[in-house]
**Q** 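After the structure tokens below, expect a handful of questions from me.
Chain letters run A, B, ... following the sequence lines, proteins first, then strands; residues in each count from 1. The structure displayed is predicted, hence computed values, not measured ones.
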Amino acid sequence: MKLTLPDKSFRELPEGSSGYDLAREIGPGLAKSAVAICINGTQQDLHDVIDGDASVSIITIDSDDGIEIMRHTLTAQVLARAIKNLYPDSKLAIGPTIEDGFYYDVESREVISSDDLTRIEDEMRRIIKTKSSITKKLVSKSEALKIFKLKKEPYKEIIINESDQTDDFQLYYQDDEKFVDLCRGPHLPNLSFVGAFKLTKVSGAYWKGDSNNSMLTRIYGTAFKNDKDLQNYLDNLEEALKRDHRKLGKEMDLFHFQDEAPGMVFWHPNGWTIYRNLRNFIRNKIQFNGYIEVNTPQVIDRKLWEASGHWDKYRENMFITEIDEKHANEKRVNALKPMNCPGHVQIYNQGIKSYKDLPLKYAEFGLCHRYEPSGTMHGLMRVRAFTQDDGHIFCTDDQIESETKLFIDLLSDIYSDLGFKDFDIKLSTRPEMRVGSDETWDKAEEALEAAIKKLGYPYRIDKGDGAFYGPKLDFVLTDAIGREWQCGTFQLDFNLAERLDAQYIGEDGKKHYPVMIHRAVLGSFERFIGILIENYAGKLPFWLAPQQVVIASIISDVDDYSIEILEELKKEGIRAETDLRNEKISYKVREHSSKKVPIILAIGKNEKSNKTVSMRKIGSTDNNVLDLKDAIKIIKKENINFKNAN
RNA sequence: GCUCAUAUAGCUCAGCGGUAGAGCACUUGCUUGGUAAGUAAGAGGUCACCGGUUCAAGUCCGGUUAUGAGCUCCA
């Protein structure tokens, strides 16, 4: 048979040859590092017989695919076996690879906690030491069922039963045949290819990811070619931990949380400075883009939420309030607003609107409360009270496309100013829980897709992920360490205006319902500030930094000059402070550097007598001695973004 | 909401049945020192909350609350 290699060259091999035979034919080095073969684009075991002419490539242990196969073998053959050895009553569910690692889900009567991981790792090492070869058997559906029934593995039975495959179920065995796992394969030919690994954590996970199903124990691990790669990976994890906004928030004294208000931020002066700067920045951007800022009540009668549809479709997420005092004769039930939209419609509804008023864009930095499930809160990233950079565009069908473009332009501009160059767009369609007729949804989805298509932005579709009132575009940005964050949103709504009776008089003199577009660029200030902190590892752009300059004296003789510099900077609107404490300059530099103050001006005898400063910027150990006037010019220039925003 | 873990000084953590500890931070003294920790002393805790076991409970057990890692959610 004729085999085509990746470099387009050919090899002629006798019928019945395997990937291993091919590798050996090409060279002993390749045969030694080969772990699997890719035949016509499908990965298969190295010892599978190649079925006639094909284009093939050998997968070596050094390649990304090879590492992935190694991780797969490690979880399905080694981890699973170790668990069965240590917890014979446990039931195996599934064990896939994930980015940078793998996990195995098992049902176990005994609690497996992170303290047990070392024990499981030891058992895994013992298994690996046997260097067993791994062999495959193909069996029929009924035989596969029989085997796993005997082994008392109910989850495997379910997997087999639910498969539409009738034959060729792949069973993988090690040398002594005591352990068997059902698997899609391919696997390493033997365990000597296993490199460096580590079990990382234990947690619960629902069977098939459905919260109605039973909770299994999930054991996570990671594996690499060698110890060096593994260590490198673990170091990177530690690096990510260092920029955790919860840790930096404490170090930089930005905010805190406490038991009495879970999921709600106590902003400290430093954190609130960042918040205010970001809000001013957005406020100016949107004013420039035709939005009018409004403000609506926090607590609103349930009647309005019933009319808007929130009471029916969103109540699980709402904080409901009642007045509890005996003397109160109001017995109404209120809800804290989870969204600003119904409030904005109330403003729209004051007075009669004409088509000439459209598009009408209301913006609100509205504080919304949502009752998020207890287990989902996470620092600033997922909270129960947050402020959106919210806005609602009331427009006609014809204006949807131009409004979509205007919004995406605004969003790119803002993201780019904040240091995020790239974002992806997701189009989310009708969810199961929704208001409005299917015809309305057809119309809305078509209009939104037509707009984004016409504008030529690449997008992907996320089926069923729309808001309950309409389809949406979500904007996902990538941060400095490659993580993705869904921030901006643009939601088309053909329902709410009608439900809340918002109308306009058209050119035809008749009443029409406007389209409502719910939109936000940052999403929530809380979350976005969390993202900014992590993206910049706390070293925020100068215009956002809570404290921009510290003037640190070296000896007390220069206190007066330091104060003079402070006054100069304050005149320029710079957030500066002096540090005149009786401490060494290195102590002061260390302290303000760890608080991520962008600029430290060290002031000693020389600076005072020459009217200069010694400037040190965060992230650098250079010290530039500059004339005070020049230094102030440079600092003003650093602030330019902020000035532009005003 | 679910699984597991955690909760001790302002912060980071040790202590795991017998009257509460360290480092840093804080206060005071000495020190005026040139770019990531000068030095000595002092002060600081209802060991998250409620209950139980015990002669005796940060310490063991149960519950509550919060937090963490995941899962499920995420407008």
Side-chain angles (χ1 to χ4, degrees), chain A residues 98 103 105 107-108 111-116 200-220 241 244 246-247 250-251 253 256-263 309-310 313-314 316-318 338-341 368 370-379 381-384 386 388 390 428 431 433-434 465-470 472 474 486 489 491 493 518 520 523-524 527 552-559 580-595 600-607 614-618 620-625:
Chain A
I98 50 175
Y103 65 79
D105 282 350
E107 184 193 298
S108 171
V111 171
I112 303 174
S113 75
S114 48
D115 297 339
D116 301 312
T200 49
K201 57 197 165 202
V202 180
S203 76
Y206 298 108
W207 167 237
K208 288 183 172 178
D210 186 337
S211 57
N212 296 314
N213 289 343
S214 57
M215 177 68 70
L216 306 172
T217 303
R218 176 170 296 179
I219 298 175
Y220 285 91
L241 232 56
D244 189 313
R246 294 165 299 185
K247 182 175 143 66
K250 217 173 261 175
E251 285 169 13
D253 193 15
H256 82 273
F257 291 91
Q258 61 188 53
D259 286 14
E260 289 84 350
H310 287 82
K313 308 289 181 194
Y314 205 67
E316 276 184 9
N317 289 289
M318 289 163 70
M339 298 184 195
N340 302 304
C341 35
C368 294
R370 298 186 188 176
Y371 181 79
E372 300 290 347
S374 59
T376 59
M377 261 114 53
H378 181 91
M381 303 300 193
R382 187 87 180 263
V383 287
R384 282 182 175 163
F386 58 95
Q388 293 173 306
D390 201 9
S428 298
M433 179 88 122
R434 60 176 183 263
D465 203 35
F468 74 80
Y469 43 75
K472 58 176 182 167
D474 283 316
Q486 185 176 312
T489 189
Q491 312 175 345
D493 181 353
H518 311 241
S524 93
R527 193 169 121 94
S553 60
I554 294 167
I555 47 168
S556 50
D557 285 352
V558 301
D559 284 3
L580 307 179
R581 291 176 301 171
N582 175 13
E583 296 291 351
K584 290 201 166 189
I585 188 64
S586 50
Y587 180 92
K588 295 183 183 180
V589 166
R590 181 186 143 83
E591 185 170 296
H592 298 113
S593 296
S594 68
K595 291 204 164 155
I600 297 171
L601 300 178
I603 307 300
K605 258 187 217 139
N606 299 334
E607 284 76 12
S614 169
M615 184 187 286
R616 181 184 169 120
K617 291 191 182 177
I618 188 90
S620 160
T621 51
D622 294 346
N623 307 300
N624 292 319
V625 177

**Q** Does A:Arg590 have any salt bridge (Lys or Arg N to Asp or Glu O under 4.0 Å) partners at least two apart in sequence or in another chain, and if so, which?
**A**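 A:Arg590 satisfies salt bridge (Lys or Arg N to Asp or Glu O under 4.0 Å) with no residue once adjacent residues are dropped.
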**Q** Suppose we screen for side chain to side chain contact (heavy atoms under 4.5 Å, CB included). Which residues come up paired with A:Asp557, at least two apart in sequence or across chains?
**A**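 Testing A:Asp557 for side chain to side chain contact (heavy atoms under 4.5 Å, CB included), a comparison that skips the adjacent residues, returns A:Ile555.
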**Q** Can a side chain N or O of A:Arg527 be found less than 4.0 Å away from OP1 or OP2 on B:rC74?
**A**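 Looking at the OP1 and OP2 atoms of B:rC74, neither is under 4.0 Å from any side-chain N or O of A:Arg527.
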**Q** Given B:rA36, B:rG34, B:rG70, which nucleotide is nearest the side-chain atoms of A:Val589?
**A**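 Of all the options, the side chain of A:Val589 is nearest to B:rA36.
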**Q** Determine whether any donor atom in the side chain of A:Arg616 lies under 3.5 Å from an acceptor atom in the base of B:rA36, or the reverse, and answer yes or no.
**A**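 Per atom types, the contact qualifies.
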**Q** For A:Lys250, what residues pass the salt bridge (Lys or Arg N to Asp or Glu O under 4.0 Å) criterion, not counting sequence neighbours?
**A**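 For A:Lys250, no residue satisfies salt bridge (Lys or Arg N to Asp or Glu O under 4.0 Å) once neighbours in sequence are set aside.
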**Q** Quick one: do A:Asp244 and A:Arg246 make a salt bridge, cutoff under 4.0 Å?
**A**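 Salt bridge between A:Asp244 and A:Arg246, a charged N being under 4.0 Å from a carboxylate O: yes.
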**Q** Does the base of B:rU32 carry an N or O that pairs as donor and acceptor with the side chain of A:Ser556 under 3.5 Å?
**A**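 Yes.
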**Q** P atom, B:rC49 versus B:rA9: distance in rounded Å?
**A**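 Their P atoms lie roughly 11 Å apart.
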**Q** In whole angstrom, give me the gap between the P atoms of B:rA43 and B:rA5.
**A**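 The answer is 40 Å between these two P atoms.
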**Q** Base, backbone or nothing for each nucleotide of nucleotides 2-9 of chain B, written B, S, -, heavy atoms under 4.0 angstrom, 5' to 3'?
**A** BBS-----
**Q** With C1' as the reference atom in both, quote the distance from B:rA41 to B:rG68 in angstrom, rounded to an integer.
**A**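 Pairwise C1' distance, B:rA41 against B:rG68, rounds to 39 Å.
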**Q** Suppose you measure atom C1' in B:rG51 against the same atom in B:rA57; what distance do you get, rounded to whole Å?
**A**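 The same atom, C1', in both gives a distance of 13 Å.
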**Q** I'd like to know if A:Arg382 reaches the base of B:rC74 with its side chain, counting only an N/O donor and acceptor under 3.5 Å.
**A**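 Present.
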**Q** Considering only the P atoms, how many Å lie between B:rC73 and B:rA48, rounded to the nearest integer?
**A**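 Taking atom P in both B:rC73 and B:rA48, they lie 35 Å apart.
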**Q** Ignoring backbone atoms, test whether A:Lys250 places a side-chain nitrogen or oxygen under 4.0 Å from the OP1 or OP2 oxygen of B:rU12.
**A**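 For B:rU12, OP1 or OP2 has a side-chain N or O of A:Lys250 closer than 4.0 Å.
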**Q** Examine B:rU67: is either OP1 or OP2 under 4.0 Å from a nitrogen or oxygen in the side chain of A:His378? Give yes or no.
**A**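 For B:rU67, OP1/OP2 do not have a side-chain N/O of A:His378 under 4.0 Å.
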**Q** Taking only residues two or more places apart in sequence, or in another chain, which ones meet A:Tyr371 in a ring-ring contact (aromatic ring centres under 6.0 Å, His included)?
**A**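 With neighbours one apart ignored, the set is A:Phe319.
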**Q** Using the ring-ring contact (aromatic ring centres under 6.0 Å, His included) criterion, which residues pair with A:His378? Sequence neighbours excluded.
**A**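 Applying ring-ring contact (aromatic ring centres under 6.0 Å, His included) to A:His378 gives none.
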**Q** So, the side chain of A:Glu607 versus the backbone of A:Gly604: is there a donor-acceptor pair under 3.5 Å, distance only?
**A**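 Indeed, once roles are kept as given, a pair shorter than 3.5 Å links the two residues.
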**Q** Work out how far the P atom of B:rC74 is from that of B:rA36, and round it to whole angstrom.
**A**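 Straight-line distance between the two P atoms is 49 Å.
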**Q** By salt bridge (Lys or Arg N to Asp or Glu O under 4.0 Å), which residues pair with A:Lys617, not counting sequence neighbours?
**A**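 If we apply the salt bridge (Lys or Arg N to Asp or Glu O under 4.0 Å) test to A:Lys617, skipping adjacent residues, the hits are A:Glu638.
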**Q** Please report the distance separating the C1' of B:rA37 from the corresponding atom of B:rC26, rounded so that it comes out in whole Å.
**A**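 Between the two C1' atoms, the distance is 16 Å.
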**Q** Can you tabulate the close N/O pairs, meaning under 3.5 Å, that link protein atoms to atoms of nucleotides 23-27 of chain B?
**A**
unit_1	atom_1	unit_2	atom_2	d
B:rA25	OP1	A:Tyr587	OH	3.2

**Q** Suppose we screen for salt bridge (Lys or Arg N to Asp or Glu O under 4.0 Å). Which residues come up paired with A:Glu107, at least two apart in sequence or across chains?
**A**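 So A:Glu107 forms no salt bridge (Lys or Arg N to Asp or Glu O under 4.0 Å) with any residue.
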**Q** Donor-acceptor pair under 3.5 Å: do we get one between A:Glu372's side chain and the base of B:rG1?
**A**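 It does not, because no donor-acceptor pair links the side chain of A:Glu372 to the base of B:rG1 below 3.5 Å.
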**Q** Can you tell me how far P in B:rA56 sits from the matching atom in B:rU19, rounded to whole Å?
**A**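 The same atom, P, in both gives a distance of 15 Å.
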